[in-house]
Amino acid sequence: MRPLSRPRWTKEPLRFFQHLLRETDAIGLDPARLVEEIERMGANAYIVMGGGFSAWYPTKLASQTVNPHLQADFLGEFLIAARAAGIRVLIRMDISKGRQGTEARHPDWFVRKPDGSVGSVWAMPQICATGPFWQQENFSILEELLSDYPADGFFYNYYYVPRCYCPRCQELVRATTGTGVPAPGVRSPVYERWRQQTLAKYTERLRDFIHARNPEAALVPYHHVRDGWDSIGMAMASDMIGGQVSNPLMPNPIDPQPMWNHFAAEEALRAKALKPEVAPVLIQSSSEFFASRQTALPAGRLIHHMALAAAHGGSTAPAINGLLAQDDPRFLRPLEAFRRFQVRNDEWYRGLRSLAKVAILRSDASVQWGNDGGRLAGNPVQPGHVAEFRGLYEAISARRYPCDIVMAGALDVEALRRYTLILLPDVSCLGDVDAAVLNAYVADGGRLLATGAMGAADAAGVRRDTAPMAALPALPGLARDASGAYLSIADANLRAALGGIPHIGVAGEFWTPELAGAVKADLRLIGPFENNAPEFTVVEGAGTTPGLLTRRHGRGEARWLPWRIGALYHRYGIPEYAILLGHLLDDAVGPPPIITDAPAAVDFTLYAHPRGLVLHALNGASVQGRPLSETAPLAGFALHVATDATQAHSLVTGSNLPARRERDRLRVDIERLAAFEAIALT
């Protein structure tokens, strides 16, 4: 894929907004009123309803259906009003679905099930990616829009290659892979690769078509769980990364998105790893129920995710159903207040630079071919890379270390050198190129911490016969169920950190890698014990198979916890695991830049800024056992931040916070934390 010449404006920090207009909203709709609502929401960029199965302009093409309630050229009039107000505009396209009845007139446009019937999404016929609509009609629509409607780019919604059993798809797949489209429910590496490559090549073709007619028009593809996406290929083919941080309390019932309080951080950091010079467009729905859209997402949840994305340099695009005159408007005032905060502090969100010495690897291959089975939300029954990633990220956050994400398939030795420690969370599928980069990183003095079944398979999920990494030259070996077992603690410092206890509990799969060379071993397995009657629960012996292996490689060091400590911490919150991981972090990186007596429910982010540092404290305290909906205000706490700064200025209230120097740190006192605090340290 050739290098991309990107529109210059995509490097500007933007605040997006989106009305998800219903077709009936077109009745009497004044574009000037829409612009007023956009400005009320503090936005300087917008995603406007455009083309596809519902055209919001008088198209001359029979391939589109004009919104039957349209009374004028809405799109043309809106673009004039938006340009006068200085608002950048992306035209929203949806070529994933067609109007009901279209399949009778154009049977070759649509997805076919194995029995030959037409596939559907949300009761609409689903369009096939290899058919005439994608391959010809979409470009005719773009030609019309680019000729008559000077927008800043195009946002493609629900954009992916669906599984289709039409003769055309069967022939194309067979020609590339040697076999037809897999049966429903069967996942095939060669077929998934075909889907990924087909989408990336089409996206590149789409982008080149747009740029040839308007070099400053951007292409932003979007799918809420990136089904069938090659993350790296799509990032290269796109002008801006489209993602989503929507966390409705009731997720999408068809393909659920992750339900995780750190999801906004993951999406922002992931986008930064793939496209560091361009802020992503992160969609934030305002709906509490994904499938019952006219319900208000609790304000506490909405603001938490928007503040978290902003803290990591992400550009969120709140998407509301209809106009601001909502049936359920409870989220509007808090959203309006937050956007006023963003406008007021715009300069403090420009030029943010990471301070992270720790990075965590995100492995799409491990999601695809490990236990997660391609689910971005993870496997709800058997944990894999997703749960392990989340747990390790949560532990890093709880220890107050800044953390970046690095993406498997895009690793570079020079880029990795900025990090002191890289974590590999149950990276069960590791490619040879990534393994070589990680080996070179360790040999050059870096440190690794791997967990779970690291390197058991290659990037296509094929089981390995030999270990991929010289730094940890062993396969995971056989797994056993460690439920009912203990890990004995030999390290005196770790024992002290855990209050002097001799062992900790363990559960789930436990592997037995046989590392060659000089290896330091600890956390040896005692048990498991089948008889758990209290009369026989005596824990004796020094243990056998190690649960922590440490090995030198070149000038660096690699460690391996051959069990899923992160997944167990993520699901059960076992405090000993946070202490253990904190001990390993402290040993590798040194003390964290933030030391505080704040509860673990407070998440901190710390970034460098041309004028100092920007610190965010996000309140995640909520009713236990339920998703975060409304935050509970917390009493005061102190922060000790490693910085030369002498002042702490609240960007929320506009006033200075109590602060004083204590040795090499600045102590900042926060008397009360509501939803979040943003602090400029200067």
Side-chain angles (χ1 to χ4, degrees), residues 261-262 264-265 268-269 300 303-304 306-314 337-338 340-342 344-358 393-404 578 582 585-586 589-622 631-682:
N261 285 343
H262 293 278
L269 290 170
I303 300 307
H304 180 86
M306 290 195 65
L308 185 56
H312 288 284
F338 180 77
R340 285 199 302 269
F341 158 81
Q342 285 190 297
R344 193 168 63 247
N345 295 291
D346 179 71
E347 68 163 312
W348 286 104
Y349 290 93
R350 295 172 180 264
L352 295 178
R353 180 173 54 82
S354 173
L355 294 169
K357 296 181 180 179
V358 179
Y393 186 91
E394 287 164 351
I396 296 167
S397 175
R399 298 296 291 193
R400 318 307 189 189
Y401 285 98
C403 178
D404 282 348
L585 285 166
D586 292 349
V589 182
I594 300 171
I595 298 174
T596 178
D597 57 357
V602 182
D603 181 45
F604 293 97
T605 67
L606 184 66
Y607 278 82
H609 184 273
R611 292 179 56 190
L613 299 177
V614 178
L615 172 68
H616 284 78
L618 292 114
N619 185 358
S622 185
T631 51
L634 296 173
F637 51 84
L639 301 169
H640 297 81
V641 186
T643 175
D644 294 331
T646 57
Q647 294 187 31
H649 181 77
S650 170
L651 302 179
V652 175
T653 65
S655 59
N656 287 342
L657 296 170
R660 65 176 184 270
R661 298 291 309 176
E662 292 185 354
R663 298 187 179 88
D664 60 342
R665 292 179 179 254
L666 180 69
R667 173 180 171 139
V668 182
D669 293 304
I670 296 179
E671 296 178 358
R672 183 179 184 271
L673 181 65
F676 74 98
E677 178 63 274
I679 306 168
L681 303 175
T682 60

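In this structure, the separation between NE2 on His649 and OG on Ser655 is 7.0 Å, given to the nearest 0.5 Å. The CG atom of Asp644 sits 6.0 Å away from the CZ atom of Arg661 when rounded to the nearest 0.5 Å. For the atom pair CZ (Arg611) and CD (Glu347), the distance works out to 4.5 Å, reported to the nearest 0.5 Å. Interatomic distance, Leu618 CG to Leu308 CG, rounded to the nearest 0.5 Å: 5.5 Å. Rounded to the nearest 0.5 Å, atoms CZ (Arg660) and NE2 (His640) are 7.0 Å apart. Of the inter-residue distances, the one linking Ile670 atom CD1 with Leu639 atom CG reads 4.5 Å to the nearest 0.5 angstrom.
Evaluation of the side-chain hydrogen bond (donor to acceptor under 3.5 Å, both in side chains) rule for Asp404 yields Ser354, Tyr419 as partners, not counting sequence neighbours. By the ring-ring contact (aromatic ring centres under 6.0 Å, His included) test, Tyr401 pairs with no residue at all, sequence neighbours left out. Among residues two or more places apart in sequence or in another chain, the side chain to side chain contact (heavy atoms under 4.5 Å, CB included) test is passed with Arg350 by Pro13, Asp346. Legend: residues meeting ring-ring contact (aromatic ring centres under 6.0 Å, His included) with His616, ordered by chain and number and at least two apart, are Tyr349.
Considering all non-hydrogen atoms of both residues, Ala578 and Arg399 come closest at O-CD, 4.0 Å. Nearest approach of Pro610 to Gly351, heavy atoms of both residues: CD-O, 3.5 Å. Of all the heavy atoms in Ala309 and Ala264, the pair that sits closest is N-CB, 3.9 Å. Minimum heavy-atom separation, His304 to Gly620: CE1-CA, 4.2 Å. When all heavy atoms of Asn619 and Ala621 are compared, the closest pair comes out as OD1-N, 2.9 Å.
Between Ile303 and Phe341 the shortest side-chain heavy-atom distance does not fall below 4.5 Å.
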Could you list the donor-acceptor pairs under 3.5 angstrom formed between side-chain atoms of residues 671-682 and any protein atom two or more places apart in sequence or on another chain?
{"unit_1": "Glu677", "atom_1": "OE1", "unit_2": "Ser650", "atom_2": "OG", "d": "2.8"}
{"unit_1": "Glu677", "atom_1": "OE2", "unit_2": "Ser650", "atom_2": "OG", "d": "3.3"}

Would you mind writing out the side-chain donor-acceptor pairs for residues 592-608 within the sub-3.5 Å range, not counting sequence neighbours?
{"unit_1": "Thr596", "atom_1": "OG1", "unit_2": "Ala598", "atom_2": "N", "d": "2.9"}
{"unit_1": "Thr596", "atom_1": "OG1", "unit_2": "Ala638", "atom_2": "O", "d": "2.8"}
{"unit_1": "Asp597", "atom_1": "OD1", "unit_2": "Ala638", "atom_2": "N", "d": "2.9"}
{"unit_1": "Asp603", "atom_1": "OD1", "unit_2": "Ser397", "atom_2": "OG", "d": "2.4"}
{"unit_1": "Tyr607", "atom_1": "OH", "unit_2": "Lys272", "atom_2": "NZ", "d": "3.3"}
{"unit_1": "Tyr607", "atom_1": "OH", "unit_2": "His312", "atom_2": "ND1", "d": "2.7"}

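Of the possible polar contacts, one joining the Arg344 side chain to the Val652 backbone as a donor-acceptor pair under 3.5 Å is found.
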